[in-house]
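Residue numbers start from 1 in every chain, and the chains themselves are labelled A, B, ... in the order their sequence lines are given, proteins ahead of strands.
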There are 2 protein chains.
Amino acid sequence: MNKIEEKCIAKGVRLTDQRKVIAEVMSASNNHPDVDELHKKINKIDKKISIATVYRTVKLLEESGIIERHDFKEGKSRYEPSTDEHHDHLIDINSGDIIEFVDKDVEDLKNKIAQKLGYKLVDHKLELYGSKIKK
Amino acid sequence: MNKIEEKCIAKGVRLTDQRKVIAEVMSASNNHPDVDELHKKINKIDKKISIATVYRTVKLLEESGIIERHDFKEGKSRYEPSTDEHHDHLIDINSGDIIEFVDKDVEDLKNKIAQKLGYKLVDHKLELYGSKIKK
DNA sequence: ATAATTGCAAATGCTTTGCTTGTGA
DNA sequence: TCACAAGCAAAGCATTTGCAATTAT
C-alpha cells in the first residue's frame, strides 16, 4: 500500500477503487502532474475513471492535507504528495522542469518577516524562475 | 500625465483614449486590482470601454514591463504598477488585504539559491499568507 | 493611408456541479 | 442499508479571439 492510501485511512477518507488508482499514480509521480496528465496516466490503468472524479479526488486530498496544490505561472494547478518538511520550487523557464529545494534560512526569514508585520504565518511559497547556466 | 502613460511613451506603446483611462485608473490604484475591479472603475470614467480591451491592455502593459501580474491563491490575476525595487507580498487570509514588503536578505537568498542550483534567476516571488496577531 | 486597436459576441481552457446510478463500510 | 462517491454532460468563470468597424500616427 502506498503513502497516500495510508494517509487516507489515517484521516478517514473513504477508499474507493478510483481513489486507489489515483493514489497509486499520484504516489508514483515525482514531477508535479496537472489534472490532465494525471487523468491520462490513470486511464492507462482504468479507462473508466472520469476526469471529474480526478478533479474531485485531488481537491479532497488537498483539503485533507494529503497532497499539495501549486499554481505556477500557467493557467492550471499542479499537485504533489505532501512531505514532512516544507520545500520550495525553482521552475526552469525553458524546459518547465521543477526543482525542489529546502533552505533553512528561507524558512527562518519567512517567519521573521511575518512576525515583524504582525502576522501569524499560515502558508507561504517561494518560487524561483530561472534558466540553466551553461557550463 | 501619470507614470504609466509616461512609460508607454518611453516604450513606444500607442496611447489610445481607452489606454489613457486604463493607465489613469491603474496609476491611482494601490490595492492590486483584478480585471473586473479595474473594469468597473474604468467604466465610471468611460462606460464604453469593454472588458476585452481591459484584458488586452493589461496583458500588453505586463508584457512591456509597465505593470506586474500576480496570481495569488484565487482564480484570477491581480495587477500593480511596476516599481523600481522588487518587493514581495503578505496576504491577509481573513481580509484579503495585501501588504507589500522589501527584504534585502530575501533577495540575497534567492540569488544564492538559484546560483547553487545552477540557474540564472529570471523571476521570483515570495508570498506569505497569514492572519493578523491580535494585540 | 494603413497598420493597429476596439467592441461585441462567440470560443476557449480549466474546473465545478446537478443529477442519476452505483458502491464502500 | 444508505450516506457517500462516480460518471456524464452541462454550467461556470476567467480569459482569449475572430471579425468588422474605428482610430492613432
> Take a 6.0 Å sphere around NZ of A/Lys73 and say whether it holds more than 12 heavy atoms from other residues, nucleotides or ligands.
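Counting other residues, nucleotides and ligands, NZ of A/Lys73 exceeds 12 neighbours.
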
> Donor-acceptor pairs are to be reported for all side-chain atoms of residues 11-23 of chain A against protein atoms at under 3.5 Å, with residues two or more places apart or in another chain.
from, atom 1, to, atom 2, distance (Å)
A/Lys11, NZ, A/Ser64, O, 3.2
A/Thr16, OG1, A/Arg19, N, 3.1
A/Arg19, NH1, A/Arg14, O, 2.8

> Under the ring pair (Phe, Tyr, Trp, His ring centres under 6.0 Å) rule, what pairs show up with a residue in residues 96-135 of chain B, not counting sequence neighbours?
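Listed once each, the pairs are B/His86-B/His124.
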
> Protein within reach of the bases, or only the backbone? For nucleotides 9-20 of chain C, mark each nucleotide 5' to 3' as B, S or -, using heavy atoms under 4.0 Å.
-----SBBBB--

> Specify whether A/Phe72 and A/His70 have parallel, tilted or perpendicular ring planes, treating 30° as the upper limit for parallel and 60° as the lower limit for perpendicular.
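Because their plane-to-plane angle is under 30°, the rings of A/Phe72 and A/His70 count as parallel.
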
> Could you work out, with salt bridge (Lys or Arg N to Asp or Glu O under 4.0 Å) as the rule, every residue matching A/Lys104, not counting sequence neighbours?
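For A/Lys104, the residues satisfying salt bridge (Lys or Arg N to Asp or Glu O under 4.0 Å) (neighbours in sequence not counted) are A/Asp108.
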
> When you measure from the side chain of A/Asp88 to the backbone N and O of A/Leu126, does any donor-acceptor pair fall under 3.5 Å?
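Such a contact is found between A/Asp88 side chain and A/Leu126 backbone.
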
> Taking atom P of C/dT6 as reference, at what distance in whole Å does atom CD1 of B/Ile42 sit?
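So the two atoms are 11 Å apart, to the nearest Å.
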
> First contact, last contact: which nucleotides of DNA chain D are these for chain B, 5' to 3', heavy-atom distance under 4.0 Å?
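The contacted stretch runs from D/dA14 to D/dT25.
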
> Please list residues of residues 7-25 of chain A whose heavy atoms come under 4.0 Å from any atom in DNA chain D, ordered by number; otherwise none.
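Those residues are A/Arg14, A/Thr16, A/Gln18, A/Arg19.
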
> Do any pairs count as a salt bridge (charged side-chain N to carboxylate O under 4.0 Å, His left out) and have a residue in residues 47-65 of chain A, sequence neighbours left out, and if so which ones?
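Qualifying pairs: A/Glu62-A/Arg69.
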
> Dot-bracket, DNA chain C: Watson-Crick or G-U, under 3.5 angstrom, [ ] crossing, | other strand?
|||||||||||||||||||||||||

> State which residues pass side chain to side chain donor-acceptor pair (under 3.5 Å) with B/Asn111; sequence neighbours excluded, sorted by chain then number.
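So B/Asn111 forms no side chain to side chain donor-acceptor pair (under 3.5 Å) with any residue.
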
> Going by the side chain to side chain donor-acceptor pair (under 3.5 Å) test, name the single residue among B/Glu80, B/Glu37, B/Glu68, B/Arg78 that passes it with B/His32.
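Output: one option passes, namely B/Glu80.
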
> Is B/Thr53 near enough to C/dG7 that one of its side-chain N or O atoms lies under 4.0 angstrom from OP1 or OP2?
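Indeed, a polar side-chain atom of B/Thr53 lies that close.
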
> Nearest 0.5 angstrom please: A/Ile51 CD1 to A/Ile42 CD1, how far?
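Between A/Ile51 CD1 and A/Ile42 CD1, I get 9.0 Å after rounding to 0.5 Å.
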
> The criterion is salt bridge (Lys or Arg N to Asp or Glu O under 4.0 Å); which residues satisfy it with B/Asp105, sequence neighbours excluded?
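In terms of salt bridge (Lys or Arg N to Asp or Glu O under 4.0 Å), with neighbours along the sequence ignored, B/Asp105 is linked to no residue.
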
> Could you pull out all residues at least two apart from B/Lys41 that satisfy salt bridge (Lys or Arg N to Asp or Glu O under 4.0 Å)?
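By the salt bridge (Lys or Arg N to Asp or Glu O under 4.0 Å) rule, B/Lys41 matches no residue at all.
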
> What residues form a salt bridge (Lys or Arg N to Asp or Glu O under 4.0 Å) with A/Glu127, not counting sequence neighbours?
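Scan of A/Glu127 (salt bridge (Lys or Arg N to Asp or Glu O under 4.0 Å), adjacent residues dropped) gives A/Lys125, B/Lys125.
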
> Whole-Å distance between C/dG7 P and B/Asn43 CG?
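B/Asn43 atom CG is separated from C/dG7 atom P by 9 Å.
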
